Amino acid sequence: MTSAIGARAPRKEDARHLSGKARFVGDIKVAGTWEAAFVRSPLAHARLGAITKPPGMEAQVFTAEDMPDLAPIRCESTLPSYKVSDYPALARGKVRYVGECIAICIAPTRAEAEDLAEAVIVDLDPLPAVADIDTALAADAPRLHEDWEDNLFLTTRHDGDLSEAKARATVVIERSYETARQAMNPMEGKGVLAEWDHRADQLVVHTSTQVPHLIRTGLSECLGLDQAQVRVIAPDVGGGFGYKCVLQPEELSVAWVARKTGRPVRWTEDRREHLTAGVNTRQHRYRITAYADDDGRLLGLDADIWVDIGAYSVWPFTACLEAAQAGGNLPGPYDLGAYACRTYSVATNKPGFTPYRGVARPGVCFAMELTLDAIARAVGRDPLEVRCLNLVPGAAMPYTNVTGKFYDSGDYPAAARAAAQMIDAEGFAARKAAAAAEGRLIGLGYACFTEQSAHGTKVFAAWGLPLVPGYEQAMVKLTPSGTVEVRSGNHSFGQGLETTLAQVACEWLHLDLAQVRVTMGDTGLTPYSTGAYASRGMVMAGGAVSKASEELARRLRIHGAHLLQCDPAETEIREGAVWKGQASVGFAAIADAWYLHPDRLPEDVDTAGLEVTEGYKPDIDTGLFTYATHAAMVEVDPESGRTEILDYVIFEDCGRRVNPMILDGQSYGGAAQGIGSALFEEALYDAAGQPLTSTLADYILPGPAELPAFRLGHSETLSPYSRHGIKGVGEGAAIAPAGAIVNAINDALAPMGAELTRIPATPHRVLAAILDARAAREAAQ
Amino acid sequence: MKPAAFDHQRPETAEALAALLAAGAKPLAGGQSLGPMLNLRLARPDRLAGLAAIPALAGIREEAGIIRIGAAVTHARIEDGDSPVALPPALRQVARGIAYRAVRNRGTIGGSLAHADPAADWITTLTALGAQVVIRDATGGERRAALPGFMPGAYRTALGPAEIIAAVEIPAALREAYWGYHKICRKVGEFADAIGAVALHPATGHVRIVAGATGGAPLLLEGIGADLARTARHPGTGALRLALETALPGADRVRIQLLVTALDRAIAKVVPA
């Protein structure tokens with residue numbers, strides 16, 4: 001069947017997207033809707049005084065004082081040392097970052113709402129800003145949260161014993177690395193439209209989210225409503241990447257105002273709000289000491305990791321997931337004997353921090369992969385050989401690493417060698433020499449990683465999060481027409497789940513994709529799911545759809561066997577029908593019998609019917625580990641500092657590929673975002689905490705002209721622990737580009753003695769590194 | 001962000017336009033810079049006077065050895081060579097590299113000059129080509145300002161109140177000029193981090209070497225240009241660096257490096273290194 005698992009089936013959702021007929025929050029028309037604009041803090045840190053509403057317009061402006069019944073976003077964690085930050089929907093007492101919401105204004109149009117927001121007068125008494133990690137950790141630093149004794153959300157320790165590694169090491173590499181703060185920039189920004197439905201006695205919230213059921217939980221907790229009184233509908237969502245997996249203060253304010261006024265209210269995030277006030281991501285700092293022997297064998301690793309969290313903890317992923325993941329994932333795919341690591345989640349006067357595609361791993365991969373190249377240079381070996389020496393070998397699988405991660409299956413060195421072969425590593429030395437003869441600098445770089453996907457109950461419980469996913473539910477139903485309806489509480493914001501979940505159903509039910517309708521995103525129509533994050537959608541929702549489809553197929557064979565007057569064991573399903581030999585009965589006839597002509601079925605018919613809800617999680621909670629090696633070949637222009645990607649190769653193993661075409665798209669998109677991190681994207685703040693990159697003229701995203709023609713290779717090592725051997729893959733390709741590209745840049749710059757340790761590797765940074773190296777060389781002469 | 005309320009009129013005659021400008025309206029000549037500034041509420045005019053509907057401002061003609069390009073001519077028209085007279089190849093080449101086609105479809109040469117963003121293409125290009133800016137006042141009177149003097153600094157021009165740019169004028173002989181242009185920017189379509197522009201026309205003795213995107217007005221490197229005219233040889237990066245460091249004291253070393261690179265590569269298109 002061309003529509004089952006493994007088919008490169010065109011996406012069901014593309015027709016409406018390509019013809020501009022998709023329905024995003026901004027497209028929804030509800031009569032009488034007013035638009036919202038927010039009064040936002042112009043200061044990073046200040047005491048909030050009086051707020052004066054424009055005279056005569058008081059009924060259209062709401063502040064925290066108007067909302068005593070709205071609880072702040074409060075994200076608890078059971079991790080020791082974790083400190084809770086109350087994050088009010090509208091500022092109370094203090095503002096803690098530029099862009100923090102102070103008041104919500106509503107009017108018939110957005111422009112009028114912005115006029116109103118401008119007219120609100122806010123008294124602010126400035127406080128010293130804590131704009132970066134060093135300022136935040138100074139002994140006399142001002143406190144963001146006054147009841148804390150410092151500016152740390154959390155510290156964690158992994159106290160491995162490094163004494164043997166230190167004793168045996170003949171090579172010691174010390175490095176500091178930094179990764180920039182980023183904004184996630186989904187093409188569609190955040191949007192929310194809330195209305196009170198009197199017939200259902202329900203607050204209906206249309207919101208651009210990855211996690212509709214979680215948002216319902218969050219909204220109901222903060223608004224004090226029963227969950228049955230809240231319906232969350234995520235319509236088409238134009239990218240999420242983590243930005244839309246948290247409860248946002250604007251969602252709360254809009255919902256509260258809609259309930260209070262009885263008027264439908266919408267807020268549409270604009271790009272400036274996204275770049276200055278939306279939650280950020282990625283900003284890490286590392287201090288690493290690596291111990292190795294003369295072969296480049298890594299003996300031990302000692303690390304400090306700081307994460308610049310911003311002002312508040314997000315719900316439900318807390319302020320701590322990033323650092324916990326960083327500390328736990330730094331060893332990556334490597335067989336590391338000894339490991340010690342301390343992490344610091346630092347509060348600063350900037351917007352909060354949410355996990356972004358790859359969650360911490362782009363940073364740790366960057367740090368680890370640059371360290372491995374530094375080791376390779378120190379011992380004079382090929383970076384590929386040093387990697388293969390240290391990667392967990394296939395024969396060791398399954399393998400539990402130094403931080404307790406359970407690598408379920410795979411052959412990591414094989415992927416590294418395959419990537420090297422694809423990019424013609426063997427021929428590279430000659431190519432490099434030929435380029436050098438023309439005065440050109442080219443370099444080759446690798447980065448290897450694992451992507452923990454679809455990790456479940458025990459892992460989340462150990463992180464102390466307010467959400468712990470369990471069995472993912474899905475409903476699969478034969479309609480009266482004999483077609484199939486799939487309902488999942490997960491959501492698709494571009495990953496193609498409408499197609500791939502249908503493909504999973506087709507694996508059991510042997511229909512054309514057009515005969516399978518997939519409904520997601522509406523809490524009123526779908527079973528509870530914690531949603532789409534952690535590369536879990538295909539594994540979890542796919543597994544649940546598979547299980548429910550299998551059960552539906554079993555029931556169809558029972559009914560079909562009755563209609564065919566045979567034993568169910570004698571039947572099979574193909575081409576949308578139940579067959580015994582040459583005789584068949586179509587699904588439509590079975591549906592007709594069940595729904596409209598039950599007289600054709602036996603007296604003792606199975607009363608469960610043709611609607612199946614099943615729950616699923618993989619056999620292990622520790623996740624299924626996709627892995628890959630990226631290899632980049634770059635040319636660095638030493639006169640302009642510009643990096644051009646000459647070739648880019650990804651060799652990946654994510655187990656069973658449900659739709660290889662969609663997977664290719666995931667790889668392109670993830671790698672494009674990784675290249676953004678590597679070379680372009682940087683949300684800058686000055687010492688007063690003022691954002692300096694408030695438009696896309698200042699915050700540079702890569703465009704098509706900046707991206708290479710990615711070349712992909714795959715192996716398929718099925719996970720023994722998941723249905724169909726599927727592993728998650730949504731995040732992976734975003735993880736490695738910074739490591740691979742900066743290693744390639746450093747390879748190219750090695751003859752000049754320059755080395756980059758910070759991303760993005762902008763032309764400015766490349767030139768500064770070259771000029772520094774030149775100055776150092778001249779000083780030494 | 002949505003703009004604060006404003007009135008938008010599109011006069012069809014120069015006289016109607018002059019009346020609007022005299023009443024304090026801000027000219028809108030494509031809006032590719034003004035539009036975002038309105039949306040960000042950084043510019044808050046009560047009234048906008050669109051220039052596009054005035055035929056005289058949208059024409060291109062050649063008279064007495066001068067090519068006159070109306071202020072409301074779009075980058076796209078120049079890129080496409082949509083003109084009754086042949087445009088200098090330099091203009092078409094530069095136009096093709098301005099921002100993105102969507103911007104070029106609406107953005108105009110006069111609007112770009114009036115905005116005077118140091119990183120924009122036309123201000124540097126037209127300086128290298130020795131262009132004159134034709135300025136019209138409310139009475140219809142015209143005066144001319146040469147580049148680079150028209151732009152004394154970043155976002156500043158010689159335009160007085162109620163004056164508009166009517167056209168730019170370029171010597172027609174420069175169609176045959178040797179032209180070198182190199183723009184360094186972070187990505188395709190972005191504003192420049194450095195521009196080098198060279199126009200050399202031995203028959204008329206025209207030689208101009210200009211560094212653009214300096215953070216201020218385009219920098220005319222007269223000494224380097226004179227040497228180039230005399231020797232017909234690339235001055236070398238050392239001489240460029242020295243000239244730039246002299247002309248831009250206190251400039252960041254990376255900016256100097258980028259400008260050296262842009263000039264070096266622009267000049268190399270005209271004379272061998």
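This one's a predicted model, so the numbers in the text were calculated from it and none came from an experiment. Excluded from the calculations below are hydrogen atoms, water molecules and symmetry mates; all remaining heavy atoms, backbone and side chain alike, are included.
Neither the backbone nor the side chain of A/Arg271 comes within contact range of chain B; no heavy atoms are under 4.5 Å apart. With a 4.5 angstrom heavy-atom cutoff, B/Asp193 does not touch chain A via any of its atoms. Only the backbone of B/Pro3 comes within contact range of chain A, with heavy atoms under 4.5 Å apart. When heavy atoms are compared at a cutoff of 4.5 Å, B/Glu190 approaches chain A solely by way of its side chain, counted from C-beta outward. In this structure, chain B has a heavy atom under 4.5 Å from the backbone of A/Leu696, while its side chain stays farther away. With a threshold of 4.5 angstrom between heavy atoms, A/Pro704 does not approach chain B through any atom at all. For A/Glu114, the parts lying under 4.5 angstrom from a heavy atom of chain B are both the backbone and the side chain. Contact annotation for A/Leu771: both backbone and side-chain heavy atoms come within less than 4.5 Å of a heavy atom of chain B. Contact annotation for A/Glu273: neither backbone nor side-chain heavy atoms come within less than 4.5 Å of a heavy atom of chain B. For chain B, the nearby part of A/Thr695 is the side chain; its heavy atoms alone come within less than 4.5 Å. Heavy-atom distances place the side chain of A/Arg272, and not its backbone, under 4.5 Å from chain B.
Taking chain B as the reference chain and counting heavy-atom pairs below 4.5 Å, the highest number among A/Arg642, A/Arg110, A/Glu118, A/Glu112 is found for A/Glu118. Of the residues considered (A/Leu679, A/Thr268, A/Asp637, A/Ile770), A/Asp637 shows the highest number of contacts with chain B, using heavy-atom pairs under 4.5 Å. With chain B as the partner, the residue from A/Gly641, A/Ser640, A/Ala37, A/Ala113 showing the most heavy-atom pairs under 4.5 Å is A/Ser640. Your options are A/Ala768, A/Ala705, A/Gly703, and the one with the most heavy-atom pairs under 4.5 Å with chain B is A/Ala768. Each of B/Met1, B/Arg41, B/Arg255 has some count of heavy-atom pairs under 4.5 Å with chain A, and the biggest count is that of B/Arg41.
A distance of 9.0 Å separates OH in A/Tyr97 from OG1 in A/Thr276, rounded to the nearest 0.5 Å. The CZ atom of B/Arg47 lies 5.5 Å from the CG atom of B/Leu20; values are rounded to the nearest 0.5 Å.
A donor-acceptor contact shorter than 3.5 Å is absent between the side chain of A/Arg774 and the backbone of A/Ala769.
No option in A/Pro737, A/Pro708, A/Pro702 other than A/Pro708 meets the side-chain contact (heavy atoms from CB on, under 4.5 Å) test with A/Ile645. Partner A/Trp267 forms a side-chain contact (heavy atoms from CB on, under 4.5 Å) with one of A/Ile104, A/Val192, A/Ile106 and no other, that one being A/Val192. Partner A/Ser208 forms a side-chain hydrogen bond (donor to acceptor under 3.5 Å, both in side chains) with one of A/Lys190, A/Glu269, A/Glu188, A/Gln248 and no other, that one being A/Glu188.
Looking only at atom types and distance, the side chain of A/Glu635 has no donor-acceptor partner in the side chain of A/Thr643 under 3.5 Å away.
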B/Val73 vs B/Ile78, test: side-chain contact (heavy atoms from CB on, under 4.5 Å). Steps then yes/no.
CA-CA 8 Å; B/Val73 170; B/Ile78 297 172; 3.8 Å; yes

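Ring geometry for B/His75 against B/Trp122 counts as tilted: the plane angle lies between 30° and 60°, on a 0 to 90° scale.
Few gaps surround CD on B/Gln93; more than 12 heavy atoms of other groups in view lie less than 6.0 Å from it.
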